[in-house]
Enquirer: 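Just passing along the structure, written as structure tokens.
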Amino acid sequence: GEDVEQSLFLSVREGDSSVINCTYTDSSSTYLYWYKQEPGAGLQLLTYIFSNMDMKQDQRLTVLLNKKDKHLSLRIADTQTGDSAIYFCAEVYGGATNKLIFGTGTLLAVQP
Amino acid sequence: NAGVTQTPKFRILKIGQSMTLQCTQDMNHNYMYWYRQDPGMGLKLIYYSVGAGITDKGEVPNGYNVSRSTTEDFPLRLELAAPSQTSVYFCASTRDREDTQYFGPGTRLTVL
């Protein structure tokens, strides 16, 4: 079955690092994504990683992929109050149609 | 480019009413998607389209219909609104199946 799991809530202090975790089910997924959703807003693509990579870094964001365990993580360095949002991981499912399966989202609360 | 636009932003319907949620993209993307996001949940795929004239069901298609007469537009139709359709609806598009999905700002629908 298709199931992407995330922890529901993470609280960090401003300036600390945040690590948001995700487990996925489809080992044939070619891409895995991280989206950010601020209150009342749509989804903003943060970053993605191709399945043949272990790590991808993009400024303050680091994505780690463990294909053996089907585990994906997003690390945000020097977390700011503006990073407070819900973060969704998503995997591509269904080959020809590029359907995305989303996790339930992790609410990141950054304390000043 | 405006990207993916959705109208309306908000709507309240009575049970049994019908409405059409509009989605337009100006990026000449072939693939378009409709998702719904229930409170505290991730996104579920309602319908998708791989090109003009071609549509198919996603995970939760019951109570909805779509059409794709042009590349740009992908309207979602609710024929007999029910309280269970209270949700935030997101439209997305992508150029091809290996590309990332770009989301519209969402339509918040309440059915009373």
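Reminder, nothing fancy here: chain letters follow the sequence lines and each chain counts from 1.
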Enquirer: If I measure from the heavy atoms of chain A, does B:L43 come under 4.5 Å with its side chain, its backbone, both, or neither?
Expert: both
Enquirer: Name, in order of residue number, those residues of residues 9-19 of chain A that have a heavy atom at a distance of less than 4.5 Å from a heavy atom in chain B; otherwise write 'none'.
Expert: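 The stretch does not come within 4.5 Å of chain B.
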Enquirer: Under the ring pair (Phe, Tyr, Trp, His ring centres under 6.0 Å) criterion, do A:F50 and A:Y31 qualify, and how do the steps go?
Expert: CA-CA 5 Å; A:F50 191 51; A:Y31 286 91; 4.9 Å; yes
Enquirer: Have a look at A:Q6 and tell me which of A:T106, A:T23, A:T104 forms a side-chain hydrogen bond (donor to acceptor under 3.5 Å, both in side chains) with it.
Expert: A:T106
Enquirer: With B:Y64 as reference, evaluate B:K57, B:R36, B:R77 under the side-chain hydrogen bond (donor to acceptor under 3.5 Å, both in side chains) test and give the passing residue.
Expert: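 Only one option passes, and that is B:R36.
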Enquirer: Checking heavy atoms, do the side chain of B:Q6, its backbone, both or neither come under 4.5 Å from chain A?
Expert: neither
Enquirer: Please assess B:Y35 against B:F103 for the test ring pair (Phe, Tyr, Trp, His ring centres under 6.0 Å), listing each intermediate value before the final yes or no.
Expert: CA-CA 10 Å; B:Y35 294 90; B:F103 283 79; 5.6 Å; yes
Enquirer: Distance to the ring centre below 6.0 angstrom and angle to the axis at most 45 degrees; does that hold for A:K56 and A:Y48?
Expert: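 Ring-cation test returns yes.
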Enquirer: A:Q44 versus chain B, heavy atoms under 4.5 Å apart: side chain, backbone, both or neither?
Expert: neither
Enquirer: With a 3.5 Å cut-off and no angle check, do the side chains of A:S73 and A:N21 form a donor-acceptor pair?
Expert: no
Enquirer: Just to verify, what does B:T110 make a side chain to side chain contact (heavy atoms under 4.5 Å, CB included) with, not counting sequence neighbours?
Expert: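 With sequence neighbours excluded, B:T110 shows a side chain to side chain contact (heavy atoms under 4.5 Å, CB included) to B:I12, B:T86, B:L112, given in chain and number order.
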Enquirer: Between A:L45 and chain B, with a heavy-atom cut-off of 4.5 Å, which part of the residue counts as in contact: side chain, backbone, both or neither?
Expert: side chain
Enquirer: Can we say A:D54 and A:K67 salt-bridge, meaning some charged N sits less than 4.0 Å from an Asp/Glu carboxylate O?
Expert: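 Result for this pair is no, no salt bridge flagged.
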